[in-house]
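Heads up: the structure comes next, in structure tokens.
For clarity, every value in this text was computed on a predicted model and none was experimentally measured. Just so we're on the same page: letters track the sequence lines, and every chain starts at 1. The figures that follow rest on heavy atoms only: side chains count, while hydrogens, waters and symmetry mates do not.
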Amino acid sequence: MTVPAQKAPEAGAPASLRPARPRWRETLGLLVRNPTAAVAGLVLLAIVLVAVFDEALAPSGPNEIAVEDRLRPPSWAHPFGTDDLGRDILSRVVLGAAVSLRVGFLAVGIALVVGSVIGLLAGFYGRWVDDVLMRVMDVLFAFPAVLLAIAVLAVRGPGPGNTALAIGIVYVPIFARVTRASVLGVREEVYVRASRSVGASDWRLLTRHVLPNAAPPIIVQTSISLAFAVLAEAALSFLGLGTQPPDPSWGLMLAEGRGFIDLAWWLAFFPGMAIFVTVLCFNLLGDGLRDVLDPRQRTLMAGGGR
Amino acid sequence: MSDVLVSARGLEVHFPVRSGGALRRTAGVLRAVDGVDLDIHRGETLGLVGESGCGKSTLGNALLRLVEPTGGRVTFDGTDVTGLGRRALRDLRRRAGMVFQDPFASLDPRRTVAQTVAEPLEVHGLRSGRRERAARVGELLELVGLDPAVAGRYPHEFSGGQRQRVGIARALAGEPDFLVCDEAIASLDVSVQAQVLNLLRRLQRKLGLTLLFISHDLSAVRHISDRIAVMYLGRVVEVGPASAVGAEPQMPYTQALLSAVPVPHPALERSRQRIVLRGDVPSPADVPSGCRFRTRCPHAFEPCPGVDPALQPVGAAPGHVAACHLHGVVGGPVEREGTVASAR
Ligand SMILES: Nc1ncnc2c1ncn2[C@@H]1O[C@H](COP(=O)(O)OP(=O)(O)OP(=O)(O)O)[C@@H](O)[C@H]1O
Ligand SMILES: [Mg+2]
């Protein structure tokens with residue numbers, strides 16, 4: 001039989017030489033081998049656990065006032081000291097974790113769901129769907145973020161739920177753009193056409209093929225946005241628009257502690273540290289995920305590089 | 001029941017060529033497929049050959065309505081495909097499938113072989129129940145020469161040839177009548193090409209499939225095809241029995257294509273004369289007037305620039321047609337010395 005030689009040599013390479021594609025267990029394994037991201041993940045896990053079991057973990061109630069214990073520096077009785085009303089700062093940081101993280105997760109959840117759906121539709125259908133949806137996103141994105149959040153809060157009033165909504169709305173265009181860009185690449189993949197060729201509906205293409213393959217950048221964006229959302233909650237509370245006193249939130253505690261900065265540094269320091277560590281860990285985890293979810297990076301790492 | 005399964009009449013796929021700039025104005029049209037007439041008979045393998053960019057893939061996609069035709073008609077088993085509604089279109093997708101060129105790109109990396117092969121079963125609700133579906137997937141994998149035990153693996157664990165077998169299994173899952181194989185062996189290792197080619201031939205006979213085998217590899221096409229269609233710049237310019245087109249090509253373009261194929265016989269190979277065509281293929285966005293091959297044809301003469309030749313019977317073999325003025329002048333057959341006869 002004569003089948004002449006005419007082929008792309010690299011196409012015949014053994015499967016092991018091709019970039020391995022991301023898969024869950026593999027991803028977790030590689031993430032563990034990236035020490036920075038692994039540590040960041042563990043710290044975040046600890047913070048989330050603290051937030052979940054806040055009431056059980058806090059040494060005292062958040063609003064238990066003890067006037068005789070006002071402005072005590074860190075000690076065995078109050079490891080993080082006490083504030084101007086004699087409230088235990090450790091307890092307030094622990095309970096503030098619940099508020100800050102709840103607002104962060106809720107905000108990013110809103111942005112993730114709404115933004116991804118918009119980006120998915122815009123990227124997949126293109127044409128006028130893309131034009132209309134992305135122009136709306138451009139407009140939303142053009143507003144200064146804080147101004148937009150302030151406007152939402154001014155209309156709906158302060159409070160954790162509305163703070164999350166405000167931050168979520170601000171982040172929608174970011175998720176829409178990231179998702180759209182990723183979908184534009186996946187949409188052209190032959191396996192999407194192949195699936196269409198056997199009769200798969202748009203819904204099936206979107207949910208079974210496009211979204212799973214477009215997910216890595218969205219996952220990375222989620223992690224990084226969580227960091228920014230915690231910061232944004234702090235900023236809005238600082239401005240008096242987010243969490244309202246006497247409820248503890250890291251941002252609010254930072255704002256309240258500011259006035260005592262040269263008198264009692266611990267008031268602002270510990271909530272500030274909590275914000276710093278959380279934001280840093282979300283960012284490090286995001287960077288780690290970015291490396292691990294990138295197929296090219298993955299081969300390098302799995303191949304013993306780095 | 002007619003013996004033609006798939007038929008194209010005056011089929012056109014024109015892509016808008018957009019100029020750069022914000023306004024995205026349409027600057028012209030790219031005639032990827034430009035008036036194709038073609039019948040594919042039930043149970044046959046039709047080879048489709050032509051240079052890169054001549055519109056083979058676009059034609060194959062348009063026959064399955066994976067690309068929307070901008071003109072002309074496609075009928076599948078007697079029904080006009082161009083106006084199908086959603087359900088009818090889905091049924092067409094079950095009855096007509098496609099095998100893609102690059103087996104590394106055509107399988108979703110995040111889905112197991114079983115999930116990929118089972119997709120048509122799920123989409124068309126063929127075999128309800130996990131058990132029956134898994135059993136059918138096993139059958140299909142066996143049919144294409146794979147161990148059913150690999151069903152749970154992911155595509156990156158396979159070689160190119162194995163992946164292409166998975167792709168074929170997927171295409172066969174809906175028990176189609178018609179399969180378009182678009183360069184299905186082009187990106188495989190040479191040794192594997194032969195295996196996959198033989199697999200396709202075996203399946204075609206066993207299942208009574210009708211195959212459109214698209215390739216720019218003439219040897220493979222001659223090996224597998226009952227008939228061969230030659231495409232040039234968006235148009236089918238010669239069709240006939242594989243033996244006739246292979247041995248006695250009537251259109252100068254086909255002659256040139258064939259002359260470029262090495263002959264596996266030293267004496268014949270030495271006497272083989274290559275016909276080297278002048279110039280480049282014109283752009284499908286700027287198709288020459290009259291006969292579209294005239295700008296490169298060694299035999300071009302008076303009628304060529306003015307009149308677009310239609311397919312008409314040529315040569316001795318029945319069913320052999322070509323679009324060329326050398327085989328008759330405008331309006332009727334005419335002899336012209338020193339043309340086709342000498343080229344033979
Ligand atoms: N979606 C599209 N939009 C615009 N132009 C296209 C599109 N698809 C194909 N074309 C153009 O149509 C022409 C025919 O392309 P096609 O892929 O059908 O050729 P082909 O014969 O299959 O080539 P090859 O042998 O390289 O696969 C080419 O000029 C190509 O650039
Ligand atoms: Mg092609």
Side-chain angles (χ1 to χ4, degrees), chain A residues 1-27 126-128 130-131 135 185-216 293 295 298-299 302, chain B residues 61 64 66 86 89-94 96-98 100-111 115-116 119-120 122-124 154-163 167 170-171 173-174 180 185-194 197-198 216-220 222-223 261-262 264:
Chain A
M1 214 202 95
T2 53
V3 180
Q6 52 103 342
K7 51 128 201 164
E10 73 279 4
S16 61
L17 292 184
R18 307 216 127 232
R21 303 301 183 126
R23 300 229 317 276
W24 255 117
R25 215 175 309 159
E26 222 175 314
T27 304
R127 297 161 182 267
W128 67 266
D130 188 24
D131 286 343
R135 283 311 77 77
V186 174
R187 174 181 86 161
E188 301 299 328
E189 292 282 354
V190 183
Y191 55 76
V192 175
R193 270 203 293 140
S195 203
R196 197 192 288 284
S197 81
V198 299
S201 59
D202 284 358
W203 173 251
R204 191 184 178 89
L205 292 178
L206 281 169
T207 54
R208 307 266 174 112
H209 299 283
V210 176
L211 190 56
N213 283 289
L293 294 172
R298 174 179 292 253
T299 342
Chain B
N61 280 298
L64 303 182
L66 290 167
R86 241 174 51 147
L89 190 61
R90 197 173 60 199
D91 196 50
L92 173 73
R93 301 256 185 272
R94 186 190 68 71
M98 186 140 185
F100 294 84
Q101 167 169 4
D102 182 356
F104 286 100
S106 62
L107 305 179
D108 187 335
R110 286 169 193 275
R111 291 170 70 81
Q115 288 174 318
T116 295
E119 182 155 55
E122 290 170 17
V123 168
H124 302 292
Y154 286 86
H156 75 256
E157 300 173 55
F158 294 90
S159 69
Q162 290 171 320
R163 281 171 161 235
R170 166 176 58 194
V180 174
I185 60 166
S187 49
L188 301 175
D189 274 331
V190 189
S191 57
V192 182
Q193 285 189 341
L197 200 58
N198 287 330
H216 51 251
D217 175 355
L218 265 163
S219 306
R222 285 169 76 172
H223 176 73
V261 181

- Query: When rounded to the nearest 0.5 angstrom, what is the spacing between OG in A:S201 and CZ in B:R90?
  - Reply: 8.0 Å
- Message: Only pairs of heavy atoms separated by less than 4.5 Å count here; which of B:R94, B:E119, B:H124, B:R222 has the most with chain A?
- Response: B:E119
- Task: Pick one of side chain, backbone, both or neither for A:S195, based on which atoms fall under 4.5 Å of a heavy atom in chain B.
- Result: both
- Message: If we check side-chain contact (heavy atoms from CB on, under 4.5 Å) with B:D108, which of these qualifies: A:V186, A:N213, A:V210?
- Response: A:N213
- Message: Using heavy-atom distances under 4.5 Å, tell me whether B:N61 contacts chain A through its side chain, its backbone, both, or neither.
- Response: side chain
- With respect to chain A, which residue among B:R86, B:E122, B:Q101 yields the maximal number of heavy-atom pairs within a distance under 4.5 Å? B:E122
- Task: Identify the two heavy atoms, one from B:S106 and one from A:A194, that lie closest to each other, and give their separation to 0.1 Å.
- Result: O-CB, 3.8 Å
- Message: A:R208 and side-chain contact (heavy atoms from CB on, under 4.5 Å): which single residue from B:R110, B:Q115, B:R111 fits?
- Response: B:R111
- Note on the structure: Residue from B:L64, B:D91, B:L92, B:V123 scoring the most non-hydrogen pairs under 4.5 Å with chain A is B:V123
- Message: Need one label for B:A96: side chain, backbone, both or neither, based on atoms under 4.5 Å from any heavy atom in chain A.
- Response: backbone
- Query: So, do A:S197 and B:F100 sit near enough that their side-chain heavy atoms are less than 4.5 Å apart?
  - Reply: yes
- CZ-CG distance between A:R193 and B:L66, expressed to the nearest 0.5 angstrom: 8.0 Å
